[in-house]
Engineer: 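Let me give you the structure first, and then I'll get to my questions.
The analysis underlying the following values was restricted to heavy atoms, covering all of them including side chains, and did not include hydrogens, waters or symmetry mates.
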Amino acid sequence: MTTKRLILVDGSSFLFRAYHALPPLTSPQGLAINAVYGVSNMLRKMLSDYPQDHFAVIFDAPGKTFRHDLYDQYKAHRPPMPDDLRCQIEPLHRLVRAMGLPLIVESGIEADDVLGCLAKKADQLGFEVIISTGDKDMAQLVNAHIMLENTMNNSRMDVQGVIDKFGVRPDQIIDYLALIGDAVDNIPGVPKVGPKTAAKWLEQYESLDNLIANADKITGKIGENLRASLEQLPLSKQLTTIKWDIDLPYAIDDLERKPADPTELKALLSEFGFTTWLKTLGSETAAPISEPETPPGKTDYETVLSEEHFERWFAKLDNAELFAFDTETTSLDYSKARIVGVSFAVEPGHAAYVPLAHDYPGAPEQLDKTRVLERLRPLLENPAKAKLGQNLKYDLHVLANEGIDLKGVAHDTMLESYVYNSTATKHNMDDLAKKYLGVDTIHFEDIAGKGAKQLSFDEIAIEEAGPYAAEDADITLRLHHKLRPLLAEHDALYRLYADIEVPLLSVLARIERNGVAVDTDMLAQQSMELASQIISLEHHAHDLAGHSFNLGSPKQIQEILYDRLQLPVLKKTPKGQPSTDESVLQELAADYPLPRLILEHRSLSKLKSTYTDKLPEQVDPNTGRIHTSYHQAVAATGRLSSSDPNLQNIPIRTEEGRKIRKAFIAPPGYKIVAADYSQIELRIMAHLSGDAGLLKAFSEGLDVHTATAAEVFGVAPEQVTHDLRRSAKAINFGLIYGMSSFGLAQQLGLTRGQAQSYIDLYFARYPGVKDYMDSIRALAREQGYVETLFGRRLYLPDINSRNAAQRQYAERTAINAPMQGTAADIIKRAMIATDRWLIEAREDAKMIMQVHDELVFEVAKDRLDHCMDRIRTLMNSAADLKVPLLVDVGVGDNWDEAH
DNA sequence: CGTCGGTCGTAC
DNA sequence: GACGTACGACCGACGT
């Protein structure tokens, strides 16, 4: 069950701020409209941030209030409201009403007091309350269930936030304000007492009353000032106290958003000249509460073959606030795919397929592909027309292949499902339809067949293709109606989805499209060299074994090592077979010659088959570059993955392997720039755990592994040997992965007892880390999921399993996921910011790869200094942690040099 | 001939 | 069983 939430907007405070912050815009009739514009933008943001919640917008009413009765000088020095602001109040009220928002204007009571009353009342009724305001006086209302949010600068303040900002607790804010006074409202304070002194005094004496009682203990001139103000202070306190015991005639439960009044809203928007909003009206005024569940008993799927029919659908799309959209193509490979048809849905159960390029004997005549696409272009390229899809990144590519630049990507059901629950299902449409709609969709294989005789979509009969394709669009729309409300129940998840994942989709498409240049001749050369070394190793190994065998077959190696040569079995595979993996062969190599040869063979043939042979095959003949695919809804933690080819596991650790990176090159006139976050997961661990020692190590810019070694092994940092540092590094990484003593022992070649004593030592030196690990396990058990810093969730259904192995596995994930996932959130934010900058500044530079903690760019030589600087800055500011985010930026002619 | 589980190895 | 997240090559059993 979810807590109900009330959003209170301090309309008056934002009205003033918007008026002063924005240039003097005028409506078509020439009236001032800037404040209305500013406040309404803010409201729209609030609505999209909190689509599900109770809502009220509060304004001051003209006239005197009880504060004027208390103090005739109240607000006496405030200049009268400028006419061009006053005249905006009434239009703004009309706009708020037209948007369907409860509007509250109480005469004789200031907006502050109304907000206070409503907030406290809602709190008592068990609501979470968010007050959107720019007024610092409101901080006195904050408690465990009431927080402030300043929508204009995107900041939020809870109890800790108040303490951080003002240095006093929310319950001390009134005293604090009384001491400082307020020039604008003409509230006297103590002369020469500002925020610093007020906070200091309240820290020492707790309350104003106690301070007054001890006023004679304050020395100096400032003490005199205090004593001189004693009489005045109770009044100041009364004036700054928000009254929250007034009985207002509103039931909190009634403060619900109503549907916007489209007619009135449109009229107002055109009167005000808010044309951009007017155009986007559809998606913005979508029903705020979950759309009615209308599982269509029967579906109505149309196949569009005539101009008239198409025009009818075009009009539907043009008028729709949001439409679902899907392309059918010749290939799953985005770089090769050409459009065969397009499908649309506007309302559940009703969809259309427009075949454009089916090509088989007897295929009916279809609408002209070029003409249809040209007709659709203005719709598809209009950023104000909201589109919905399933894996829209693919459609983005497909349309780009046809010369269409899709804009207005509003929603993607694949990402909705992924953010809602990354592990409950795979996020393809068939599985989603089954899980969330209980619908068995037509599968591609049902109409195309499978295996070698699988048809390309253009070869599929239109009678079969139509229902399949239309269903795709329909299901996408229905999934959206189901998933978006689910997502919106948790606003952190919704923000993650809307602010990170959806914008990222287009960024990824751009990176994929950019591709990376590869020196295929260099790779071919490397393949030849590897081939000859491999052959020589094979001969050598066959001689040693006494007969020929396949060095690439673990099974054959097993027979030779353990059956024929009778070497000791050091480890078994999960299936009970004697293992021949790297660590085993490494150990055996000390006493026998053959394992060494196998190891070398393995390493070289891996490089050859996976990289030097394969990468040249993946170069796109059209661009001469490699275009990977990034997958946004695969890794449970929030990381991306990469395939075809996987550019996130190109070797770097060995000299031989690094040669492959030398083949990732910059074209003439450009350089490769690689920027990576240094130790980001450990920094996140420092942030999340708040461990003092770890925080200190990072804030002092120490080498963290050396610092850990010095702490754990009790030596001075300069006495840390290579070996000690290596051990410390293994511990640090082990911690991130939820290590056991067994794992560490194996890693470092220790006994389990020794490893355990290292771990004990570590936790003794870094107790905050120990506490964090314990509490995250407990939290996972309690709530069944863990979260990243940005609210991404990973559910852990096995965390309370009776099966020890399953449970421990879930516990390790509980420890690892917040760190790995937070790192993923951060670099995604950096990618969005960097992409935006590259586009807006029209930089001669491209983002070309992401490798979890690293971004790789291709930058024009004469822009290097500037771009490296901006990249560093943008990556740095992607998150605000308790430790600095250090970014290493390197440059070179190839990826290897750039490190 | 295609699929799939098992094993191994690459990255962060 | 024992250190998290991925992708993918290769082998070899098994099914068509």
Engineer: So what is the 5' to 3' dot-bracket string for DNA chain C, if pairs are Watson-Crick or G-U wobble with both distances under 3.5 Å, crossing pairs use [ ] and | means the partner sits on another strand?
Structural biologist: ...||||||||||||.

Engineer: Write down the distance between CZ (A:F733) and P (C:dT5), rounded to a whole number of angstrom.
Structural biologist: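 In whole Å, C:dT5 P lies 16 Å from A:F733 CZ.
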
Engineer: Who passes side chain to side chain donor-acceptor pair (under 3.5 Å) against A:D333, sequence neighbours left out?
Structural biologist: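 Testing A:D333 for side chain to side chain donor-acceptor pair (under 3.5 Å), a comparison that skips the adjacent residues, returns A:S335, A:K336.
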
Engineer: Distance check needed: C:dA6 P versus A:H631 NE2, whole Å only.
Structural biologist: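 The distance from NE2 of A:H631 to P of C:dA6 comes to 12 Å, rounded to the nearest Å.
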
Engineer: Give me each pair satisfying salt bridge (charged side-chain N to carboxylate O under 4.0 Å, His left out) with a member in residues 787-810 of chain A, each pair once, sequence neighbours excluded.
Structural biologist: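 Applying salt bridge (charged side-chain N to carboxylate O under 4.0 Å, His left out) to every pair that reaches into residues 787-810 of chain A, excluding sequence neighbours, yields A:E501-A:R792, A:E787-A:R793, A:R792-A:D825.
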
Engineer: Scan the side chains in residues 548-556 of chain A for donor-acceptor partners under 3.5 Å anywhere in the protein, sequence neighbours excluded, and list what turns up.
Structural biologist:
unit_1, atom_1, unit_2, atom_2, d
A:N550, OD1, A:G552, N, 2.7
A:S553, OG, A:K555, N, 3.4
A:S553, OG, A:Q556, N, 3.1
A:Q556, OE1, A:N550, N, 2.8

Engineer: For residues 634-655 of chain A, which residue pairs qualify under salt bridge (charged side-chain N to carboxylate O under 4.0 Å, His left out), counting only residues two or more places apart or in two chains?
Structural biologist: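 Sorted result for residues 634-655 of chain A: A:R639-A:E681, A:E655-A:R658.
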
Engineer: What is the distance, to the nearest angstrom, from the CG atom on A:L640 to the C1' atom on C:dC7?
Structural biologist: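 Going from A:L640 (CG) to C:dC7 (C1'), I get 14 Å.
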
Engineer: Regarding A:A635, tell me which of base, sugar-phosphate or nothing describes its non-hydrogen contacts under 4.0 Å with the strands shown.
Structural biologist: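 Touches sugar-phosphate only.
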
Engineer: A:L640 pairs by side chain to side chain contact (heavy atoms under 4.5 Å, CB included) with which of A:H852, A:Q648, A:H631?
Structural biologist: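 Looking at A:H852, A:Q648, A:H631, the match for A:L640 under the side chain to side chain contact (heavy atoms under 4.5 Å, CB included) is A:Q648.
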
Engineer: Is the number of heavy atoms from other residues, nucleotides or ligands within 6.0 Å of NZ (A:K426) greater than 12?
Structural biologist: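 Incorrect, the count does not exceed 12.
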
Engineer: Contacts to DNA chain B from residues 761-775 of chain A, heavy-atom cutoff under 4.0 Å, which residues?
Structural biologist: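 Nothing qualifies; none.
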
Engineer: Using the side-chain contact (heavy atoms from CB on, under 4.5 Å) criterion, which residues pair with A:E512? Sequence neighbours excluded.
Structural biologist: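 In terms of side-chain contact (heavy atoms from CB on, under 4.5 Å), with neighbours along the sequence ignored, A:E512 is linked to A:Y334, A:K393, A:H397, A:S629, A:Y630.
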
Engineer: Less than 4.0 Å between a side-chain N and a carboxylate O, is that true for A:K659 and A:E529?
Structural biologist: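 Not counted as a salt bridge, because no side-chain N and carboxylate O are separated by less than 4.0 Å.
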
Engineer: How long is the line joining CD of A:Q632 and C1' of C:dT5, in whole Å?
Structural biologist: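 Value for this atom pair: 17 Å.
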
Engineer: Apply side chain to side chain donor-acceptor pair (under 3.5 Å) to residues A:Q754 and A:T751 and explain how you reach the verdict.
Structural biologist: CA-CA 5 Å; A:Q754 287 170 312; A:T751 68; 3.3 Å; yes

Engineer: How many angstroms lie between atom CD1 of A:I815 and atom CG of A:L735, to the nearest 0.5 angstrom?
Structural biologist: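 CG of A:L735 is found 8.5 Å from CD1 of A:I815.
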
Engineer: Kindly write out the residues that satisfy salt bridge (charged side-chain N to carboxylate O under 4.0 Å, His left out) with A:D430, not counting sequence neighbours, or none if the list is empty.
Structural biologist: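 So A:D430 forms no salt bridge (charged side-chain N to carboxylate O under 4.0 Å, His left out) with any residue.
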
Engineer: Report yes if a side-chain nitrogen or oxygen of A:K450 is closer than 4.0 Å to either non-bridging phosphate oxygen (OP1 or OP2) of B:dG2; otherwise report no.
Structural biologist: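 For B:dG2, neither OP1 nor OP2 has a side-chain N or O of A:K450 closer than 4.0 Å.
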
Engineer: Please state how far atom CG in A:L744 lies from atom P in C:dG1, giving the value in whole angstrom units.
Structural biologist: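 Going from CG in A:L744 over to P in C:dG1 covers 21 Å.
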
Engineer: Give me, pair by pair, the N or O atoms of the protein and of nucleotides 12-16 of chain C that are less than 3.5 Å apart, along with how far apart they are.
Structural biologist:
unit_1, atom_1, unit_2, atom_2, d
C:dG12, OP1, A:S553, OG, 2.7
C:dG12, OP1, A:Q556, NE2, 3.2
C:dA13, OP1, A:K555, NZ, 3.4

Engineer: Within this structure, what is the CG-to-P distance between A:L615 and C:dG8, rounded to whole angstrom?
Structural biologist: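 My rounded result for the distance is 11 Å.
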
Engineer: Taking side-chain contact (heavy atoms from CB on, under 4.5 Å) as the test, write out the residues that go with A:F713, two or more places apart.
Structural biologist: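 Expected list: A:A709, A:L724, A:S727, A:Y758.
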
Engineer: Nearest whole angstrom, please: distance from the C1' of C:dC11 to the CG of A:L551.
Structural biologist: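 Answer to the nearest Å: 13 Å.
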
Engineer: Nearest-nucleotide wise, let me know which of A:S609 and A:R752 is further upstream toward the 5' end of DNA chain C.
Structural biologist: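 Taking each residue's closest nucleotide, the earlier one in sequence belongs to A:R752.
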
Engineer: With P as the reference atom in both, quote the distance from C:dG1 to B:dG6 in angstrom, rounded to an integer.
Structural biologist: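 The answer is 14 Å between these two P atoms.
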
Engineer: Mind calculating the distance between CZ (A:R777) and P (C:dG4) to the nearest angstrom?
Structural biologist: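 Roughly 13 Å, once rounded to whole Å.
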
Engineer: In B/S/- notation, 5' to 3', how is nucleotides 5-12 of chain B contacted by protein heavy atoms closer than 4.0 Å?
Structural biologist: -SSSBBSB

Engineer: Listing request: all salt bridge (charged side-chain N to carboxylate O under 4.0 Å, His left out) pairs with a residue in residues 578-600 of chain A, at least two apart in sequence or in separate chains.
Structural biologist: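 Found A:K571-A:D581.
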
Engineer: Under 4.0 Å, counting only non-hydrogen atoms across every strand here, what does A:A745 touch: a base, just sugar-phosphate, or nothing?
Structural biologist: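 Here A:A745 touches no strand at all.
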
Engineer: I want to check one thing: is the phosphate of C:dA6, taken as OP1 and OP2, less than 4.0 Å away from some side-chain N or O of A:Y630?
Structural biologist: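 Checking A:Y630 against C:dA6: no side-chain N or O falls below 4.0 Å of OP1 or OP2.
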
Engineer: Would you say that A:M739 contacts A:I759 through its side chain, given a criterion of any heavy-atom pair below 4.5 Å between the two side chains?
Structural biologist: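 A:M739 vs A:I759: side chains touch.
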
